[in-house]
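This one's a predicted model, so the numbers in the text were calculated from it and none came from an experiment.
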Amino acid sequence: MALRRARRLAGLAWMRREDRTDGTPVRFVADELLVLDEHFATARQAFAEQGFSDRDIVEEGDVPDGFRRVRLSGLDVARAARRVRVQAEAAGDPRVAAGPNHVFVSTPLEHAGAYGPPRPAPPGALSGADGSGGVGVLVLDTGMWLNSPLPKDRYVTEDFESDVGDDGVRDGDVGHANFVAGVMLGRSRRVQPRMVRVVGPFGVCRESDLVAALRQAGDEPIINLSLGGYTLDDRPPVLLTAALAGLLGSGDRVVVAAAGNDGQHDRPFWPAAYAGTSAPWRRRVVAVAAHDGRRICEWSNTGTWITLAAPGADVVSTFVHHEDFPDGWARWSGTSFAAPFVAAAIADALPEAGSARLAAEAVVAGSDRRFGRYAGVA
């Protein structure tokens with residue numbers, strides 16, 4: 001499954017990758033650069049150094065005010081981004097002035113290696129609704145598969161999967177959102193997920209897609225992001241930083257994000273790694289590693305930016321009804337499924353805590369187990 005997915009990703013003509021010495025890939029959209037408006041003049045100089053003229057620049061839309069998203073056929077994106085950033089930093093601007101349109105992937109375990117796909121499991125149990133109206137959690141993920149054991153009145157969505165392509169259900173991330181929602185509903189009677197599709201059946205989304213989806217945030221106090229990726233020079237993604245600053249810089253909201261499954265130590269995996277930055281809203285990001293009940297899973301990313309650990313190995317949850325999953329339940333592993341466990345715990349703690357921020361702090365403070373150097377919930 002992992003090899004098929006890798007081949008599929010390698011076959012995407014619109015995507016490029018830059019491999020690090022540790023073997024982890026930075027994926028980004030070919031030919032596109034994201035740049036702050038005030039540094040666009042420098043970007044034009046960087047384009048000219050590569051032999052482009054202003055006539056070659058194609059402006060793309062769907063970016064927040066203050067940014068440009070431009071495309072030039074054949075552009076060395078990494079080189080141009082570094083050129084703009086070096087000059088901006090030399091001029092005293094500490095922000096990341098330019099970067100690729102990074103590509104993020106959902107984080108079930110198999111994307112990091114040949115650890116195995118979801119496997120059929122006996123039916124588990126979901127918590128009953130508590131009738132209080134629930135605590136909203138915005139889940140940006142794959143589309144939902146309608147034919148699933150999930151009760152249709154326990155979640156909200158307009159994004160259903162209907163076509164999984166030639167490879168079939170088991171080759172992709174179809175059912176990923178169903179699994180994530182099932183983890184929440186198995187953990188909490190109070191949680192009310194709203195599922196918004198941002199990644200396709202193979203779990204891929206552009207940074208610009210994720211930012212556009214974040215604009216759909218309503219009054220949900222919790223956002224679950226079981227996705228992420230690495231970035232050029234490990235710097236924060238340009239657009240995503242601005243989007244999260246807008247969402248988390250005021251009001252009452254927290255983001256719960258998966259730490260990734262590459263077994264990396266201290267290499268930032270975004271958006272979870274915002275928890276370890278100097279951003280004023282960093283404590284509103286909860287970065288979740290995975291444990292197996294005894295220790296941190298060897299495949300879970302770790303680092304100083306991790307907030308806490310949660311169950312992520314051999315998790316049982318709702319999947320999709322399929323000939324290989326006749327009961328619609330599966331057993332799957334990944335930080336994808338540790339994150340919604342924590343999101344559900346925060347939802348449970350919120351009424352007593354009085355705010356999402358205080359609820360997240362209460363969950364971390366109330367974690368009375370240790371998994372290596374991290375607090376953990378079991």
Side-chain angles (χ1 to χ4, degrees), residues 106-108 126-127 129-130 132-142 144 150 154-157 176-196 198-199 210 213-214 216-228 244 247-248 252-260 269 271-272 274-275 281 283-291 300 306-312 315 317-318 332 334-353 355-367 374-378:
S106 57
T107 53
L126 300 176
S127 302
D130 73 351
S132 67
V135 174
V137 179
L138 175 63
V139 182
L140 303 185
D141 214 282
T142 63
M144 294 290 285
L150 277 172
R154 296 293 306 280
Y155 65 91
V156 176
T157 192
H176 187 266
N178 294 68
F179 203 97
V180 166
V183 171
M184 290 185 183
L185 295 172
R187 168 67 173 77
S188 170
R189 299 180 61 213
R190 185 168 280 134
V191 69
Q192 188 173 58
R194 180 165 71 93
M195 318 299 292
V196 173
V198 67
V199 295
L210 178 56
L214 285 168
Q216 299 184 44
D219 58 0
E220 296 93 355
I222 304 166
I223 299 175
N224 187 90
L225 298 177
S226 290
L227 53 82
L244 289 179
L247 283 170
L248 304 179
D252 180 42
R253 183 179 280 119
V254 296
V255 167
V256 181
F269 185 85
Y274 283 110
W281 39 268
R283 290 188 177 88
R284 294 176 182 263
V285 178
V286 181
V288 186
H291 69 71
S300 176
I306 296 294
T307 310
L308 80 169
V315 178
S317 184
T318 52
W332 212 350
T335 57
S336 266
F337 315 126
F341 191 97
V342 173
I346 294 172
D348 276 350
L350 195 151
E352 182 176 349
S355 75
R357 179 181 62 82
L358 293 176
E361 292 175 0
V363 168
V364 176
S367 303
Y374 307 115
V377 291

All side chain to side chain contact (heavy atoms under 4.5 Å, CB included) counterparts of [X], not counting sequence neighbours:
X    : result
T307 : A275, V286, A287, V364
A356 : P221, D252, V254, L350
A349 : A359, V363
A129 : R154

Would you confirm whether [X], through its side chain, and [Y], through its main-chain N or O, come within 3.5 Å as a donor-acceptor pair?
X    : Y    : result
T335 : A289 : no
S367 : A375 : no
H291 : A338 : no
E220 : G218 : yes
T318 : L150 : no

Open item on the list: Please determine whether side-chain contact (heavy atoms from CB on, under 4.5 Å) holds for the pair I222 and L138, giving the CA-CA distance in whole Å, both sets of side-chain angles, and the decisive distance to 0.1 Å.
Closed with: CA-CA 6 Å; I222 304 166; L138 175 63; over 6 Å; no
Tell me, do [X] and [Y] make a side-chain contact under 4.5 Å, heavy atoms counted?
X    : Y    : value
L244 : L214 : yes
R357 : R284 : yes
D141 : L227 : no
N224 : L140 : no

Task: Chi angles and distances behind the side-chain contact (heavy atoms from CB on, under 4.5 Å) call for L308, V342 - done: CA-CA 9 Å; L308 80 169; V342 173; 4.2 Å; yes
Task: side-chain hydrogen bond (donor to acceptor under 3.5 Å, both in side chains) partners for Q192, two or more places apart - done: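 By the side-chain hydrogen bond (donor to acceptor under 3.5 Å, both in side chains) rule, Q192 matches no residue at all.
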Task: Residue pairs passing the salt bridge (Lys or Arg N to Asp or Glu O under 4.0 Å) test where at least one lies in residues 335-352, sequence neighbours excluded - done: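 For residues 335-352, and leaving out neighbouring residues, the salt bridge (Lys or Arg N to Asp or Glu O under 4.0 Å) pairs sorted by first residue read R187-D348.
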Which atom pair, heavy atoms only, marks the closest approach of [X] to [Y]?
X    : Y    : result
P193 : V139 : CB-CG2, 4.2 Å
G186 : S127 : O-OG, 3.2 Å
F337 : V183 : O-CG1, 3.6 Å
P351 : A347 : CD-O, 3.4 Å
V198 : A213 : CG2-CB, 3.8 Å
P271 : G228 : CD-CA, 3.9 Å

Task: Set of salt bridge (charged side-chain N to carboxylate O under 4.0 Å, His left out) partners for R190, sequence neighbours left out - done: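 Partners of R190 under the salt bridge (charged side-chain N to carboxylate O under 4.0 Å, His left out) test: D130.
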TODO: Quick one: list whatever passes salt bridge (charged side-chain N to carboxylate O under 4.0 Å, His left out) with R253, sequence neighbours left out.
DONE: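 Per chain and number, R253 pairs via salt bridge (charged side-chain N to carboxylate O under 4.0 Å, His left out) with no residue.
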TODO: Could you give me the CA-CA distance, side-chain angles and deciding distance for L225 and L210, then say whether side-chain contact (heavy atoms from CB on, under 4.5 Å) is met?
DONE: CA-CA 10 Å; L225 298 177; L210 178 56; 4.2 Å; yes
Open item on the list: One pair to check against side-chain contact (heavy atoms from CB on, under 4.5 Å): R194 and V196. What are the steps and the verdict?
Closed with: CA-CA 7 Å; R194 180 165 71 93; V196 173; 3.7 Å; yes
Task: Side chains of S226 and H176, donor plus acceptor under 3.5 Å - done: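 H176 and S226 do not have a side-chain donor-acceptor pair below 3.5 Å.
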TODO: Could you pull out all residues at least two apart from F341 that satisfy ring pair (Phe, Tyr, Trp, His ring centres under 6.0 Å)?
DONE: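 Ring pair (Phe, Tyr, Trp, His ring centres under 6.0 Å) list for F341, sorted by chain: empty.
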- [ ] Mind checking the OG1-CG spacing from T157 to N178? Nearest 0.5 Å is all I need.
- [x]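 Result: 9.5 Å between the selected atoms.
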